[in-house]
Each structure stands twice: as structure tokens, then as C-alpha cells.
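What follows is one structure encoded as C-alpha cells, with my remarks underneath.
Order of listing sets the numbers, starting from 1, for every ligand and every atom in it. Keep in mind that the numbers below use all heavy atoms, side chains included, and drop hydrogens, waters and symmetry copies.
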Amino acid sequence: MSLTPAGSLPADPSPGHDIADRLELLRRACAGLAAGRPEMPAAQFANPVARYADPARLAQEQRLIRRFPQVAAAAGEMTKPGDWIARDISGVPVLLVRDETGRVNAFINACRHRGVRLAADGCGAGRRSFTCPYHAWTYGTDGKLVGVPAAEGFPNMKREEMGLRRLHCAERYGFVFVQVDPTAPKVDVDAWLGPMAHELEHIGTADYVVWRPAQLEKKTNWKLALDTFLENYHTRRTHTKTIWPVFLDNTAAFDRLSPHARVVLPKRSIPEIRDQDRETWNLRDHSTVLYTIFPNLMLAVLPDHCAIFQVWPDGIDNCKLPAYTLVPPKYLESATAQDIWSKSMHVVFEVTEEDSDRSEAIQAALNSGANDHFVFGRYEQALAWFHQEVEAMLNGQADWVRYAEAAE
Ligand code: FES
């Protein structure tokens with residue numbers, strides 16, 4: 001998928017810095033324009049169709065998602081002590097709460113007495129504790145069990161061992177990362193992000209706030225939904241009236257930031273700047289930069305805001321796509337800014353619907369026997385990378401040593 005803004009803010013669109021190596025990326029975009037094609041590997045790639053259709057495979061993928069840090073929320077969704085969010089993440093009910101010290105804690109959203117959810121899915125503010133609706137055990141925002149009615153009924157219970165089940169959680173670059181499998185080895189989020197950390201720091205995602213969250217549901221395997229984001233070979237035919245007029249045809253710069261990825265989609269305005277002083281080049285004005293934070297978060301960097309889509313499996317042939325816009329808070333009250341963001345996100349959702357039409361059509365014919373493999377051409381290398389990363393992790397080739405949290 002590719003994304004386009006409807007304009008940009010008039011001046012000083014800070015915060016929102018730039019991509020780390022913008023000049024080199026723009027140089028590559030110009031080279032792609034001259035060559036009339038994207039950067040390409042030597043070979044095409046064959047992806048077995050069974051990887052989209054096998055329920056046992058999906059169960060493995062869900063375990064994989066639960067073991068590694070996932071973006072569970074944007075930090076901007078919970079800025080003050082007592083702010084909380086309850087949501088299902090890959091089949092696990094998760095409770096996020098910012099405690100009195102300002103730290104975000106993540107717990108399994110289940111009472112330690114007999115397992116009832118403490119909070120219904122949703123969000124709120126001003127909490128100092130959570131009381132179970134069943135028998136009223138009460139927990140602090142740090143997860144400690146602080147209240148048990150008629151406590152003499154539990155003579156053998158050690159209260160200090162009965163706090164909420166804590167999950168590894170870290171707030172980085174404006175996102176809350178959580179490992180929802182409580183048995184998973186703790187992963188250092190900066191090591192996990194690798195080169196992505198540097199990118200997020202430069203983009204300034206920590207300085208943005210969430211604007212107009214939404215959620216889509218699609219009748220397609222979660223990986224088919226993600227596949228539509230990872231190449232622009234389809235833009236001419238699928239997005240003819242929406243973004244095809246804005247972007248160069250089938251031209252992009254691809255970078256594997258393993259296990260993550262970056263795709264730079266240059267706009268048709270690139271020729272205007274080719275002969276200008278390089279120091280004046282602004283990557284965000286002349287391209288959309290699309291990141292995958294492995295495995296399921298798509299971050300589109302637009303001139304003065306970012307669009308986020310996340311894809312969660314919901315059965316073998318269904319997925320949920322929470323989406324939101326990250327915007328600079330200084331423009332939140334600006335009618336001009338709101339108008340630009342509204343128009344931009346209207347296009348983004350229109351493009352997503354066009355993509356979903358394609359992925360749902362693939363899903364409908366997935367078990368027809370037409371294809372044993374899908375062929376990813378040399379224009380579609382980021383798809384190959386994504387599926388290679390999933391495969392490597394499922395085969396136990398994750399670099400746990402590299403990702404492991406240093407012993408405290
Ligand atoms: Fe929560 Fe009993 S299940 S207090």
C-alpha cells in the first residue's frame with residue numbers, strides 16, 4: 001500500500017524530524033526514477049499457499065506473536081498516572097496501566113482468585129486500583145493485591161505472591177511494547193528494534209499524540225492483509241484513482257532492517273528536486289516512507305503526521321486492523337491541521353479498502369487448488385523478507401542472544 005497526504009502544514013511542522021539517512025534515500029529514489037524501476041534482487045520468491053491456510057501454522061504464528069515484543073498501545077493513549085487500557089492481544093486479555101510513578105505496567109487481565117477479567121475491554125483514566133467484579137479482590141496500579149474481603153477464608157495464601165501476572169513491558173519511542181506470553185524470555189526492546197530504533201528516534205514518534213483511532217475487520221488471513229502494504233507493483237491497477245496519480249510507477253527503495261523493513265515510495269514531485277541543493281531535500285514531502293515493525297505494525301510517515309495500521313489474526317481467514325493517526329500535539333487545535341489530517345486519512349482508508357478488496361478476493365480462492373505457491377516478483381522483495389523472517393522464527397532461528405535483555 002502507498003499513502004498520500006492531502007497537503008501539509010504551513011510552517012515548522014515540528015515535532016516530526018526526518019528519517020536518519022534521508023539524503024541517501026532521496027538519491028536512491030532519483031536513481032530509481034532514472035532507471036524506471038525499483039531496486040531489485042536477482043531472483044523471484046515462491047511462497048507456499050499452505051502458509052496462509054493451515055490452522056496449525058496459524059497457532060504457531062500466534063505463539064510467535066506472543067513471545068516477541070508487540071506494540072500494545074501508543075504511549076499517547078495513556079499519558080497520565082491512572083490511565084489504563086484493556087484489550088485482547090493475540091488471544092490474551094491484557095491490562096495496561098500507568099502507575100503513580102509514571103511507569104506503564106502490563107498484566108494479564110485476569111484475577112488471581114478465579115480468573116475473572118478485572119476490566120472490560122476499553123480504556124479510562126484516574127484509576128488507583130482495580131476491583132474484581134466477582135468477589136471484589138482489589139489490585140493496585142502496580143499489580144499488587146491490596147484488598148481481599150473476608151481474608152480469613154484464605155489462611156494459606158501469601159498475598160505477596162498473588163499480584164496480577166506481570167508481562168514484560170517497555171515504553172519506547174512513543175509505543176508501549178509488551179510480550180504477552182508471560183513465560184517468554186525477556187527481550188530488550190532496543191535490541192529487538194535494531195536499526196528501527198534509530199529511525200523512530202529521528203521520526204520523533206515519541207513526540208506525537210494519537211488522533212482518531214479506528215478499527216477495521218477483514219475476511220482475510222492476517223498475512224494476506226500485510227502483503228498488500230509491502231509492494232507498490234499493484235498501485236497502477238488497484239489504486240488508479242486514489243494514489244496512482246501521486247506516486248512514481250513501481251519505483252521504490254527497499255531496506256531490510258531485520259526483522260523489520262523500510263520501503264520508500266517516491267512521489268512524482270521527485271524530478272522537481274533532482275537538481276536542487278541536496279541540503280534542501282525533504283524526504284517526507286517527496287515520498288511516503290512505510291515501515292514494518294515486525295511482524296504486524298505498519299507505520300507510514302507522511303509530511304507532518306504518521307498513519308498506523310496493525311494487523312492481528314482473528315482466525316485463519318479473518319483479521320482485525322486497529323488504525324490511528326499520530327499527530328504533533330501543537331497543531332491539535334488547528335482547524336487547518338485537522339482538515340489536512342482528515343483528508344489524508346480519508347485517502348489512507350480508501351486505499352486500505354481497495355487493498356482489502358484484493359486480499360479478500362485472494363482469501364476466497366485460497367483453497368481452490370489454483371496455486372501451490374504465490375510468486376513474489378523482483379519488485380516484491382519486501383514480501384519475501386517478511387515471510388522469510390516469519391519462517392526463520394518459527395524454525396527456531398530467532399536471535400535470542402542478540403535480543404536478550406541484559407542481566408540486571
Ligand atoms: Fe476475582 Fe473472585 S474471581 S475476586
Side-chain angles (χ1 to χ4, degrees), residues 58-59 61-171 175-187 189 210 213 215 217 310 312-315 318 320 322 405:
L58 176 66
E61 291 167 353
Q62 290 272 36
R63 279 197 292 277
L64 174 74
I65 290 171
R66 290 194 285 264
R67 284 178 77 75
F68 286 95
Q70 303 299 321
V71 173
E77 293 179 88
M78 43 190 316
T79 55
K80 294 191 274 305
D83 286 357
W84 62 275
I85 295 171
R87 59 180 48 142
D88 181 282
I89 297 179
S90 201
V92 178
V94 173
L95 177 63
L96 304 171
V97 57
R98 195 176 287 280
D99 66 23
E100 283 77 12
T101 70
R103 171 187 174 189
V104 177
N105 296 306
F107 307 106
I108 297 181
N109 183 13
C111 180
R112 295 299 307 282
H113 176 214
R114 283 167 52 199
V116 166
R117 280 185 191 230
L118 289 174
D121 280 3
C123 60
R127 281 295 189 103
R128 290 181 170 272
S129 62
F130 292 86
T131 298
C132 178
Y134 202 0
H135 312 92
W137 284 24
T138 297
Y139 302 86
T141 54
D142 57 3
K144 288 181 182 163
L145 179 61
V146 295
V148 177
E152 64 273 18
F154 303 91
N156 303 324
M157 182 173 76
K158 293 180 180 165
R159 200 178 275 212
E160 65 276 15
E161 294 176 359
M162 297 300 280
L164 294 176
R165 193 72 188 266
R166 183 178 285 278
L167 301 171
H168 299 312
C169 174
E171 187 176 344
F175 297 103
V176 177
F177 291 87
V178 175
Q179 291 173 259
V180 294
D181 177 352
T183 68
K186 188 174 182 182
V187 166
V189 172
V210 171
Q215 175 147 303
E217 286 192 41
Q310 212 163 0
W312 297 104
D314 183 27
N318 226 58
K320 292 183 173 166
E405 176 86 344

Check: residues 126-136 side-chain donor-acceptor pairs under 3.5 Å, at least two apart:
residue	atom	partner	partner atom	Å
R127	NH1	S129	O	3.2
T131	OG1	T138	OG1	2.9
H135	ND1	H113	ND1	3.1

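With hydrogens and angles ignored, the 3.5 Å screen pairs a side-chain donor or acceptor of R166 with a backbone N or O of D142.
One side chain, T141 or E100, offers a donor N or O that lies under 3.5 Å from an acceptor on the other.
The distance cut-off of 2.8 Å around atom 2 (Fe) of ligand 1 captures these protein N, O or S atoms, sorted by chain and number: H113 ND1, H135 ND1.
Looking at D181 and R67, a side-chain N of the basic residue comes within less than 4.0 Å of a carboxylate O on the acidic one, giving a salt bridge. Between E61 and R66, none of the side-chain N atoms (NZ, or NE/NH1/NH2) sits under 4.0 Å from a carboxylate O, so this pair counts as no salt bridge.
Classification of the Y139-W137 ring pair by plane angle, with boundaries at 30° and 60°, yields tilted.
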